[in-house]
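These notes concern the structure reproduced below.
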Number of protein chains: 2
Amino acid sequence: MRGEYHPGYRLIILDIASSFGVSQAPVREAIERLKHEGLLKAEPNRGSTVAHLSLSEMREVYELRELIELYVLERMLPQLSAEDLAKLNELYESMCRVAQKDDVFAFIELDLAFHSLFYERYGNGQILGVWRGIKEKTTRFVSITNQLYFADLMVIAKGHRGLIDALQSGDLDSVKETYRRHIEGVWGRMRQML
Amino acid sequence: MRGEYHPGYRLIILDIASSFGVSQAPVREAIERLKHEGLLKAEPNRGSTVAHLSLSEMREVYELRELIELYVLERMLPQLSAEDLAKLNELYESMCRVAQKDDVFAFIELDLAFHSLFYERYGNGQILGVWRGIKEKTTRFVSITNQLYFADLMVIAKGHRGLIDALQSGDLDSVKETYRRHIEGVWGRMRQML
DNA sequence: CGCCCAAACATTATCGATAATCTTCTCGAT
DNA sequence: ATCGAGAAGATTATCGATAATGTTTGGGCG
């Protein structure tokens with residue numbers, strides 16, 4: 001997740017086991033999990049390597065995200081409480097703080113936490129599950145590309161100010177349009193990295 | 001998947017291992033996979049049980065399905081080839097054949113294969129992944145509730161005739177409306193089971 | 001000089017056993 | 001009779017070792 005092992009790196013079970021001071025079994029279990037979360041790729045009898053995460057895959061992720069996030073937003077907008085808005089404001093301020101320190105990893109966590117609020121409030125567990133997958137892939141992509149991202153950290157943070165304002169206005173169309181532009185904007189910044 | 005082990009059933013590793021004539025390791029690996037596919041649920045040191053699949057969960061699944069299927073349909077409609085339509089017709093006829101034999105499991109496979117065509121043609125791997133999850137949950141739910149489903153098998157089969165006709169007309173709005181009614185109709189039939 | 005085959009090596013997959021943990025049952029005290 | 005402590009049993013989690021598989025290296029042959 002943090003990009004510590006780069007894509008393509010082959011994980012040797014016995015090495016990992018001895019580095020953690022455990023036997024093969026727990027390492028195998030962990031690898032099995034990571035395989036199914038899509039972080040590792042494996043071929044039978046050939047071991048596991050860190051999965052690649054291509055730009056084209058991220059394009060697909062963003063298409064899916066736009067689809068479900070606009071839907072969730074529309075549906076949960078009426079239920080949005082003052083408390084929720086306070087929480088979003090709080091996250092926005094944390095984002096600004098972290099942006100100045102150029103801490104990319106902490107920033108993306110906050111950014112995604114901001115959007116998570118809507119999915120969690122909405123209460124559809126299946127959609128939440130899809131969002132979790134999107135979140136994970138996004139985090140990983142940012143971790144991998146890292147250094148190229150933080151040029152615009154403050155710009156992205158400020159963008160969330162606009163989102164909050166739109167939510168406060170309560171006008172559905174302007175909320176959807178603001179979000180659509182936001183999501184596409186972040187994606188556009190990402191795609192320029194490669 | 002076939003409902004052989006019913007929800008709540010506890011899987012004992014050593015029993016399964018000896019029944020397959022293998023040791024614990026491969027059984028553990030399989031369980032780990034099934035856990036992450038959501039078919040099993042596990043608590044640490046307390047073993048694994050077959051996951052329950054509630055009606056409320058299926059409601060969520062159908063909400064998600066309607067969202068993404070209408071989207072995919074809209075986007076890939078222009079690319080739909082005569083070949084695709086022939087394939088859909090073929091599946092429709094198989095459905096009718098199987099419906100008469102009251103083979104619920106075979107029927108649901110055909111039904112889902114019908115809808116899979118759109119997702120596979122569309123070419124967004126992330127969305128396809130979401131669909132795979134939906135497919136799996138649906139199959140399982142039908143397997144579990146089984147006997148209650150096949151009263152309407154022929155009705156559901158015939159419904160696909162209408163979908164093909166709508167697709168052939170090429171009119172987006174009528175396609176979307178037909179599909180929306182179809183998806184909600186199948187869901188309505190399901191919810192009546194409980 | 002390059003190519004194929006076999007041996008040596010590296011690594012994964014599987015095994016059976018032990019350790020840790022949880023559950024059930026028994027027994028004594030209240 | 002009820003509750004809790006503790007032993008006995010069942011099961012999972014972990015271990016280290018062996019078997020199976022894949023990869024590399026070195027040597028003989030064309």
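Values below: every heavy atom of this structure, side chains too, minus hydrogens, waters and symmetry copies. Per chain, numbering begins at 1; letters A, B, ... match sequence-line order.
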Can you list every side chain to side chain donor-acceptor pair (under 3.5 Å) pair that touches residues 66-75 of chain A, not counting sequence neighbours?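 Of all non-adjacent pairs touching residues 66-75 of chain A, those that pass side chain to side chain donor-acceptor pair (under 3.5 Å) are A/R65-A/E69, A/E69-A/H115, A/E69-A/Y119, A/Y71-A/R75, A/Y71-B/E63, A/E74-A/K176.
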
Pairs touching residues 42-51 of chain B that satisfy side chain to side chain donor-acceptor pair (under 3.5 Å), sequence neighbours left out: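 Listed once each, the pairs would be none.
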
Quick one: list whatever passes side-chain hydrogen bond (donor to acceptor under 3.5 Å, both in side chains) with B/E29, sequence neighbours left out.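 So B/E29 forms a side-chain hydrogen bond (donor to acceptor under 3.5 Å, both in side chains) with B/R33.
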
Considering residues at least two apart in sequence or located in another chain, which fulfil the ring pair (Phe, Tyr, Trp, His ring centres under 6.0 Å) criterion with B/Y62? B/W187

For a quick check, with a 4.0 angstrom heavy-atom cut-off, what is the B/S/- contact string for nucleotides 11-20 of chain D, read 5' to 3'? SBBBBBB---

Salt bridge (charged side-chain N to carboxylate O under 4.0 Å, His left out) pairs touching residues 118-132 of chain B, sequence neighbours excluded, are B/D84-B/R121

